[in-house]
2 protein chains.
Amino acid sequence: MTTRDRLLKAAIARFSEHGYRMVSVRDICADARANVAAVNYHFGGKLGLYREVVNAAIEAIRSASESALFAADDVPPVERLRQYVNAYVHTIAAREKTPERERLAWVHDLMAHESMEPTPLAPWIAEQALMPRLRYLSALVAELMRCKPSDPRVTRCVISIQSQCLFYAAPNKFRDTAFPGWPLSAAGLAAAADHIVAFSLAGVRRVARAR
Amino acid sequence: MTTRDRLLKAAIARFSEHGYRMVSVRDICADARANVAAVNYHFGGKLGLYREVVNAAIEAIRSASESALFAADDVPPVERLRQYVNAYVHTIAAREKTPERERLAWVHDLMAHESMEPTPLAPWIAEQALMPRLRYLSALVAELMRCKPSDPRVTRCVISIQSQCLFYAAPNKFRDTAFPGWPLSAAGLAAAADHIVAFSLAGVRRVARAR
DNA sequence: GACGGATTCAAACGGCCGTTTTATACATCC
DNA sequence: GGATGTATAAAACGGCCGTTTGAATCCGTC
C-alpha cells in the first residue's frame, strides 16, 4: 500500500471521528507511518487531504443509497420505507468490525461533524450526500400521504422519520450512556428499525388524515 | 459588571457555539475586554471557567424544565406531552433576540458539542441535564401506553419523541440550508410542535397496541 | 554507471495555544 | 503613611500547529 493510500485511510479514520479541525496532520502521518511533509507533497495540504476524504464519503454514501436504501418505483411505499429505515439504522451496526468498504458509519460521523462545525466543503456534502436521501424520502412520504412533496406536512413527516433514523446512525456519546443496553445487539437494532417504521407509519397516516 | 462576570458571559457565548476545544482563552478575553491572565486568576484555568459555564447551563435547564416542560401529575398525559414538546421546540426560537436568561438554546448547543466531543464534565452534564428529561418522558410515555417505564417499547418511543424535538432544538448547520423556509417563523414553530405531538401520539398508540 | 524525476526525510519556520511570571495599580486597615 | 491583599497588565514560557525548505534516497532509463 502506497504512502498516499495509507495517508488517505488514516485521514478517513481520524477526520470522521474527530472532525477536520480537531485532527492534526502530525496525527494522521503518525498513523500512516509517513513523514509530516507527505500530506503537503501528496495532497497539497491538510484541506486537500480532507477534500479526498469527503469525495470518498460522497461516493460511499451514493453507492450505499442506490444499493441498500433506495428501491424501485414499483415497490410499495410501505416496503420502501421499511427498506430505507432498516438500511439507515444498520449503518450504525458493526461500527468497528466490518471492513472499510462496507461500513457506512464513518460517513455519518463525518457529516455530523460538518453539521456542527462546517468546513468550506459543507455545501458540497449537503447537496451530494444529504439532499438525495431527503428528496427520496419526500417522494416516498408524499406517496404515502397522497399529496404533493411540497406540502409542509410532508416536510415535517420527513423530518420526523429522518430524526429518528439519525439518532441511531449519528455519533452521540450521550446515547451510549443514557440508554440501557447500548450499544444495541443485532436483534435490538432490528427491533429499533421495526419500531421506527411502525411508529412513523402511524404518525404519517395520522397527519395525512388531519384537515 | 465585573471582569469575572464579563468573562463568564463571553465564555457562555463562545463555548456553547464552538465547544470547549475550539475556543481559545484569548478569544474569550478579547470578547470580555480582559487580560489573558484573567481567566487563570478568576477561574484557575480554562477548564475552571468551562466548569462555571456548565454549572450555569445545568441550572438554566433545570429551572426551565420545572417551569416550562414538566407538568404536575394530575395533568392528563396527552396535555403533558403537548407542553413538553412545545417548550422543547420553542427553545430554538428567538435564538438571537431574547435576553440571556430566557433563552435556552445555548444550553442545547453546549450539550450537542459535549455529545460529539465530550469533556471530563460530560457525565455530570448527562446526569444533571439530560437524564431528568428522559425519566420524565419515560414516565409520561409509560402512562400513555399503560405499561412499565422499563418496557423496551417505552424506551424506543422516548427515543422517537426526543429525536424529533432535538432536531428542532439542537444546532445543525445542514438543517438551515437543506429545508426550505428555515429558520422557522413563530407560526411554523407552533405547527412543528403540533405535528410532533400528533405524529408521536399516533405512533405511541400504534406501538402500545402491538402485541 | 550516470542521469533525472519522484519520493521520503529531518529540520526549521512563523503562529497560536494555555499558562506562568513579574510588576503595577488600588482599595482597605493598622 | 506604610503594610496588606486584591485585581489588572505586559511579557515571556514551552508546546503543538500547518507548512516550507533543502538534502537524501529511490528507481526506471539511457
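These values consider heavy atoms only, across backbone and side chains, with no hydrogens, waters or symmetry-generated copies. Every chain is numbered from 1 and lettered A, B, ... according to where its sequence line falls, protein lines coming before strand lines.
Both tests do not hold together for B:Arg175 against B:Tyr168: distance to the six-membered ring centre under 6.0 Å, angle to the ring axis within 45°. The cationic group of A:Arg133 does not satisfy the cation-pi geometry with A:Phe70, failing either the under 6.0 Å distance to the six-membered ring centre or the 45° limit from the ring axis.
The CG atom of A:Asn40 sits 13 Å away from the P atom of C:dT8 (whole-angstrom rounding). Between the P atom of D:dA7 and the CG atom of B:Asp5 lies a distance of 12 Å, rounded to the nearest Å. In this structure, A:Leu49 places its CG atom 14 Å from C1' of D:dT19, rounding to the nearest Å. Whole-Å rounding puts the A:Phe43 CZ to C:dT8 P distance at 11 Å. One can place OH of A:Tyr41 at 7 Å from P of C:dA6, the figure rounded to the nearest angstrom. Protein atom CG of B:Asp27 is 10 Å distant from nucleotide atom C1' of C:dC16, rounded to whole Å. The distance from atom CG of A:Leu7 to atom C1' of D:dT19 is 15 Å, rounded to the nearest whole Å. In this structure, CZ of A:Arg4 is placed 15 Å from P of C:dA6, rounded to the nearest angstrom.
Taking the side chain of A:Asn35 as heavy atoms from C-beta on, and the options C:dT19, D:dT19, C:dA10, the nearest nucleotide is C:dA10. Of all nucleotides listed (C:dT8, C:dG18, D:dG18), C:dG18 comes nearest to the side chain of B:Val25.
Using a 4.0 Å cut-off, no side-chain N or O of B:Thr3 falls inside it from OP1 or OP2 of D:dA7. Taking 4.0 angstrom as the limit, B:His42 places a side-chain polar atom (N or O) nearer than this to OP1 or OP2 of D:dT8. Between B:Ser24 and C:dC17 there is a side-chain polar atom (N or O) within less than 4.0 angstrom of OP1 or OP2.
In this structure, a donor-acceptor pair under 3.5 Å is absent between the side chains of B:Glu114 and B:Tyr20.
Projected onto DNA chain D by closest heavy-atom contact, B:Ala38 and A:Val23 fall at different nucleotides, the more 5' of which corresponds to B:Ala38. Across the interface with DNA chain C, nearest-nucleotide mapping of A:Ala34 and B:Gly44 shows A:Ala34 to be the residue nearer the 5′ end.
Ion pairing between a basic and an acidic side chain is recognised when a charged N comes within 4.0 Å of a carboxylate O; B:Arg80 and B:Glu143 show such pairing.
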Stepwise salt bridge (Lys or Arg N to Asp or Glu O under 4.0 Å) check, A:Glu117 with B:Arg21: CA-CA 12 Å; A:Glu117 210 93 32; B:Arg21 297 266 222 164; over 6 Å; no
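Across all strands, B:Ala37 comes closer than 4.0 Å to base atoms (heavy-atom distances).
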